[in-house]
K.L.:
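Let me give you the structure first, and then I'll get to my questions.
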Protein chains: 2
Amino acid sequence: MNIGEAAKASGISAKMIRHYEGIGLIEESRRSAAGYRIYSNNDLHTLSFIKSSRSLGFSLDQIKQLLSQWQDRGRASSDVKALALQHIKELDDKITELSAMRNLLQNLATECHGDNRAECPILQGLEQQCGEAKAKKT
Amino acid sequence: MNIGEAAKASGISAKMIRHYEGIGLIEESRRSAAGYRIYSNNDLHTLSFIKSSRSLGFSLDQIKQLLSQWQDRGRASSDVKALALQHIKELDDKITELSAMRNLLQNLATECHGDNRAECPILQGLEQQCGEAKAKKT
DNA sequence: ATCGACCTTACCACAATGGCAAGGTCAAGG
DNA sequence: CCTTGACCTTGCCATTGTGGTAAGGTCGAT
């Protein structure tokens with residue numbers, strides 16, 4: 001199949017498929033006489049794997065590792081698990097960070113009347129380096 | 001004060017201060033005879049405001065709006081609040097997305113023995129388009 | 001022959017930050 | 001007076017993952 005069909009079937013844009021090839025995430029595909037890329041069902045399988053991995057938030061670099069583990073029949077599942085656990089930690093850290101932001105901002109927003117007056121606890125909070133204040137209230 | 005001192009005092013790198021000036025987030029600073037940037041306490045105040053805003057996750061574009069509202073004595077606090085609420089929603093959406101990823105991945109990781117054997121539920125999960133449980137992008 | 005839908009490569013852009021290089025400046029100490 | 005080191009200047013490149021656009025080739029159907 002052509003790249004457009006592969007894109008539709010895998011959910012990865014044609015643009016990105018070319019890009020993944022360019023950075024060596026996937027192998028160069030076969031080409032037709034005219035130079036069109038041709039994809040097999042096996043290639044599609046790989047693209048779907050990448051798509052799944054991306055939707056779990058793995059970076060392309062991590063996916064490179066996952067792919068090689070996936071294709072290595074002799075791999076130890078402990079290696080895969082280590083990669084997954086590391087990514088879970090990255091996700092947790094990010095969630096913690098965003099939650100802290102959210103809570104601080106929510107506190108400020110709750111105090112803000114949100115009316116026509118100029119007085120605004122949100123701006124005051126930003127002014128007073130609220131970023132350093134820990135979210136311990138309420 | 002010079003840019004280095006302003007950087008230390010505000011917690012924003014000199015590099016970024018120049019960048020913020022370049023994109024028009026802050027005004028061009030005064031210069032010494034030799035061309036060195038010179039910052040006043042007032043400039044520092046602005047930089048700290050930006051620093052706080054960044055640490056709450058506002059984009060530079062949003063900060064541009066916050067800054068103009070901050071400097072507008074006649075602003076209505078409702079405008080500021082709207083911006084804050086919008087950002088809270090962005091944060092919530094992101095947190096939801098990341099949590100979904102985390103939970104899916106955690107489930108796979110829990111099933112994985114993580115030993116020397118090749119059998120690996122994580123890779124199997126990725127292979128079976130586990131990504132279908134929608135984790136949407138931003 | 002021509003049109004539209006597809007493909008190709010090769011650039012540019014984003015957001016926010018870091019890094020490096022080549023050069024100017026300034027203050028202190030010889 | 002000159003050197004040294006710490007600072008400043010501009011400018012360009014890299015990152016991450018994705019989208020866009022342009023100029024051109026190809027293919028199938030009319």
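Quick note on labels: first sequence line is chain A, next is B, and so on, each numbered from 1.
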K.L.:
Both B:His19 and A:Glu5 contact DNA chain C. Which one's nearest nucleotide lies toward the 5' end?
P.N.:
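Here A:Glu5 is the residue nearer the 5' end.
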K.L.:
Roughly how many Å is it from CZ in B:Arg18 to C1' in D:dT9, rounded to a whole number?
P.N.:
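Going from B:Arg18 (CZ) to D:dT9 (C1'), I get 7 Å.
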K.L.:
When the distance from NZ of B:Lys51 to P of C:dT17 is rounded to whole Å, what number comes out?
P.N.:
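To the nearest whole Å, that distance equals 8 Å.
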K.L.:
If you only use heavy atoms from C-beta on, which nucleotide in D:dT26, D:dT9, C:dC7 is closest to the side chain of B:Ile3?
P.N.:
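Output: D:dT9.
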K.L.:
With a cut-off of less than 4.0 Å, is there a side-chain N or O of B:Arg31 near OP1 or OP2 of D:dC8?
P.N.:
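B:Arg31 to D:dC8 OP1/OP2: no side-chain N or O under 4.0 Å.
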K.L.:
Could you check whether B:Glu27 pairs with B:Arg37 (Lys NZ or Arg NE/NH1/NH2 to Asp/Glu carboxylate O, under 4.0 Å)?
P.N.:
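Judged by the 4.0 Å cut-off on N to carboxylate O distance, B:Glu27 and B:Arg37 do not form a salt bridge.
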K.L.:
How many whole angstroms separate atom CG of A:Leu25 from atom C1' of D:dT18?
P.N.:
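These atoms are roughly 14 Å apart.
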K.L.:
Please check if atom CD in B:Glu28 has more than 12 non-hydrogen atoms from other residues, nucleotides or ligands closer than 6.0 Å.
P.N.:
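No - once you tally the heavy atoms of other residues, nucleotides and ligands closer than 6.0 Å, there are 12 at most.
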K.L.:
Tell whether A:Tyr20 reaches the base of D:dG17 with its side chain through a donor-acceptor pair below 3.5 angstrom.
P.N.:
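Answer no: no donor N or O sits under 3.5 Å from an acceptor.
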K.L.:
Expressed as a whole number of angstroms, how long is the span from B:Ile38:CD1 to D:dC8:C1'?
P.N.:
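Rounded to the whole Å, the gap is 12 Å.
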K.L.:
Could you check how far CD1 of B:Ile17 sits from C1' of C:dA16, rounded to whole Å?
P.N.:
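Distance, rounded to whole Å: 15 Å.
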K.L.:
Could you please name the option among C:dC7, D:dC8, C:dG18 that lies closest to any side-chain atom of B:Met16?
P.N.:
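Within the option list, the nearest is C:dG18.
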K.L.:
Heavy-atom nearest nucleotide on DNA chain D for B:Tyr36 versus A:Ser59: which residue maps closer to 5'?
P.N.:
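Its nearest nucleotide lies further toward 5', so the answer is B:Tyr36.
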K.L.:
Please classify the nucleic acid contact of B:Arg54 as base, sugar-phosphate, or nothing, using heavy-atom distances under 4.0 Å.
P.N.:
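Sugar-phosphate contact only - B:Arg54 comes under 4.0 Å of backbone atoms but never of a base.
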K.L.:
From CG of A:Asn2 over to C1' of C:dT8, roughly how many Å is that when rounded to an integer?
P.N.:
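Checked: the CG to C1' distance equals 12 Å.
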K.L.:
Of the listed nucleotides (D:dC27, C:dC7, C:dT9), which one gets closest to any side-chain atom of A:Arg37?
P.N.:
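Closest nucleotide among those given: C:dT9.
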K.L.:
With heavy atoms under 4.0 Å as the rule, sort A:Asp61 into base, sugar-phosphate or nothing.
P.N.:
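Since no nucleic acid heavy atom lies under 4.0 Å of A:Asp61, the category is nothing.
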K.L.:
Rounded to whole Å, please give me the gap between CD in B:Glu21 and P in D:dT9.
P.N.:
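Nearest whole value for this atom pair: 9 Å.
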K.L.:
Is any NZ, NE, NH1 or NH2 atom of the basic residue among B:Glu5 and B:Lys8 found under 4.0 Å from an Asp or Glu carboxylate oxygen of the other?
P.N.:
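No, no charged N to carboxylate O under 4.0 Å.
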K.L.:
Looking for any heavy atom pair under 4.0 Å, which part of the strands does A:Ser13 touch: base, sugar-phosphate only, or nothing?
P.N.:
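Sugar-phosphate only.
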K.L.:
Before accepting this row, confirm whether a basic side-chain N of the pair A:Arg18/A:Glu21 lies closer than 4.0 Å to the acidic partner's carboxylate O.
P.N.:
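So A:Arg18 does not pair with A:Glu21 through a salt bridge.
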K.L.:
Report the distance from atom CZ of A:Arg30 to atom P of C:dC7, rounded to the nearest whole Å.
P.N.:
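Between P of C:dC7 and CZ of A:Arg30: 16 Å.
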K.L.:
What orientation do A:Trp70 and A:His45 show, parallel under 30°, tilted 30 to 60°, or perpendicular over 60°?
P.N.:
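The arrangement is perpendicular - the two ring planes meet at more than 60°.
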